Amino acid sequence: MSSSLDRKQQAWSALFSEPVDALVQRYTASVDFDKRLARFDIQGSLAHARMLAAQHIISSQDLAEIERGMAQIQKDIVAGSFDWKLELEDVHLNIEARLTQLVGDAGKRLHTGRSRNDQVATDIRLWLRDAIDRIQVALGTLRVSLVDVAEAHADTIMPGFTHLQVAQPVTLGHHLLAYVEMFGRDAERLADCRRRVNRLPLGAAALAGTSYPLDRAMVARELGFDGITANSLDAVSDRDFAIEFCAAASVAMVHVSRLSEELVLWMSPAFGFIDLPDRYCTGSSIMPQKKNPDVPELARGKTGRVVGHLTALLVLMKGQPLAYNKDNQEDKEPLFDTADTLLDTLILFADMIRGIRVNAQAMQSAARKGYATATDLADYLVKKGLPFRDAHEVVAHAVRACMQTGRDLGEMSLAELQALHPAVRADVADVLTLHGSVQSRAVPGGTAPEQVRAQIAKLRAELPG
Ligand code: ARG
């Protein structure tokens, strides 16, 4: 990168009488981070140039020159040999300057009927659309992983918790399907966001539109947009689509974070429910016995930064008058980092979940220790004619008796239970087992293995194979 400013290289040079201060140049430049828009910048420029030629605004020779130059530039960028210049501010001016160097006047005609304002809005939308599509694939893969493990554990019993206290037995399959639902809604949110991302801003020019007879619909078609933006002031200025994306990404990361918290707990020797594959863990430099679940911990931590990016974009937008303001240059780093973080996290989780080793024995005995079938006993008494509140009271006495003698409800004798209430019969044994308990919760959406399997079948039909 050259350090001194050559005014002649700049698109807006004629008016200025002194060089830009070096720190100002560094402060205002975005090329270091927006160069990753290059592929989309070129794609957008080619679509614009083809339309200009079709509308006879530039000649077909100019178009051919532009296409030739852009092909070279694309090649150089991919090869890593493109010379990005800080004094050319951003990705747009860098590419345009190089194009002009390569093909002369045709390069200077490319910017006809266009501004960097509608150009950058177009580039970000193309970039974000691509990012959303990748994230959707990763979300689908993660959901398939969860469904696969859920299917293998449709009958594996674990404690279900409320307040992190053992509540009622559930199956691990049921528990994992809860996350499949969460990630399914995340996919819906992203698909909905994509519809609003996928509109073409080009044609808005700096802010008011342009006097050239542009065919915006043609450019939209060429770039795969669903349509064009309807107001030029809005098109160059609002970044609500990026905010929306970061909001959807934040919710998805919050879901990942909840799952992470559970994995961390479950892997703690105090629970001992699961073991994570070694490739997702690290050891301690001082305590030789430790195996730390770094990936879920970091995912939980990175959720904070994604939520932070959402806040950054909201605050970035809130004070801006119409139309474009340079503030918007600050949209890119939070947006890029949000998409990168979410995508990496989802890819890692899809593989990690598949590699979980489950200690079914530990899960089951944790459920047994927590009097998880107490509600089942109460429900049993209700079915024998007791009002629910009275049944609740009887079971509380039963639990107390068990606590005093260090036993589970299923270990009480029939005589003991009958002493608590005469309505108890021998068939009580069916509801006091963990298996009987989950089996009985066969309402749609419930934890009964048959319901879990029915839900898995439905999900299989909608998820990638
Ligand atoms: N680098 C700028 C951005 O990211 C491109 C648009 C600049 N427009 C302008 N009028 N200075 O927003």
Side-chain angles (χ1 to χ4, degrees), residues 1 5 7 9-16 19-21 23-45 48 73 77 82 84-100 108 110-131 197 199-210 229 231-243 245-246 309 312-340:
M1 296 220 175
L5 180 75
R7 283 285 184 200
Q9 288 192 342
Q10 296 208 314
W12 35 259
S13 58
L15 197 65
F16 293 78
V20 161
D21 178 271
L23 181 55
V24 171
Q25 181 173 297
R26 194 145 53 75
Y27 194 78
T28 56
S30 55
V31 63
D32 281 348
F33 51 84
D34 68 15
K35 62 183 173 203
R36 70 184 280 187
L37 293 173
R39 175 156 75 90
F40 302 102
D41 195 68
I42 292 170
Q43 201 190 341
S45 286
H48 180 67
I73 290 170
I77 291 172
F82 189 89
W84 297 102
K85 295 195 170 86
L86 190 74
E87 62 271 24
L88 287 172
E89 269 185 61
D90 56 25
V91 62
H92 324 292
L93 294 180
N94 266 275
I95 290 178
E96 195 187 325
R98 177 69 181 137
L99 180 70
T100 300
K108 294 190 200 161
L110 171 63
H111 213 50
T112 311
R114 186 177 76 165
S115 152
R116 268 188 298 159
N117 297 350
D118 57 347
Q119 185 179 359
V120 69
T122 302
D123 291 4
I124 306 171
R125 283 169 185 262
L126 287 171
W127 184 90
L128 183 54
R129 184 180 71 188
D130 179 67
V197 169
R199 299 261 150 199
L200 174 76
L202 274 181
L207 75 165
T210 176
T229 56
N231 180 291
S232 59
L233 297 166
D234 173 48
V236 291
S237 63
D238 204 359
R239 297 289 185 263
D240 61 352
F241 60 90
I243 296 174
F245 168 76
C246 288
H309 293 328
L313 289 192
L314 284 165
V315 179
L316 175 67
M317 205 71 242
K318 80 172 273 292
Q320 288 193 49
L322 288 176
Y324 176 84
N325 302 281
K326 188 79 165 182
D327 311 41
N328 275 344
Q329 183 165 290
E330 287 287 305
D331 64 357
K332 288 168 202 65
E333 287 162 294
L335 182 64
F336 293 163
D337 190 63
T338 297
D340 291 346

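For clarity, every value in this text was computed on a predicted model and none was experimentally measured. Hydrogens, waters and symmetry mates are skipped; everything else that's a heavy atom, side chains included, is used. Atoms within each ligand, like the ligands themselves, are counted from 1 in listed order.
- Every residue two or more places apart in sequence or in another chain that forms a side chain to side chain contact (heavy atoms under 4.5 Å, CB included) with Arg199 is listed here: Arg125, Asp226, Thr229.
- Partners of Glu333 under the side-chain hydrogen bond (donor to acceptor under 3.5 Å, both in side chains) rule, at least two apart in sequence or in another chain, do not exist in this structure.
- Shown here is Arg26, whose CZ atom has no more than 12 heavy atoms of other residues, nucleotides or ligands within 6.0 Å.
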Between the protein and ligand 1, are there any N or O atom pairs that come within less than 3.5 Å of each other, and if so, what are their names and distances?
| from | atom 1 | to | atom 2 | distance (Å) |
| --- | --- | --- | --- | --- |
| ligand 1 | 1 (N) | Ser30 | OG | 3.4 |
| ligand 1 | 1 (N) | Asp90 | OD2 | 2.9 |
| ligand 1 | 1 (N) | Gln329 | OE1 | 2.8 |
| ligand 1 | 4 (O) | Lys332 | NZ | 2.5 |
| ligand 1 | 8 (N) | Asn117 | OD1 | 2.8 |
| ligand 1 | 10 (N) | Asn117 | OD1 | 3.1 |
| ligand 1 | 12 (O) | Tyr324 | OH | 2.4 |

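- Evaluation of the ring-ring contact (aromatic ring centres under 6.0 Å, His included) rule for Phe82 yields Trp84 as partners, not counting sequence neighbours.
- Taking all atoms of both residues into account, the shortest heavy-atom contact from Val197 to Leu128 is CG2-CD2, 3.8 Å.
- Between Ser30 and Asp90, the shortest heavy-atom contact is OG-CB, 3.2 Å.
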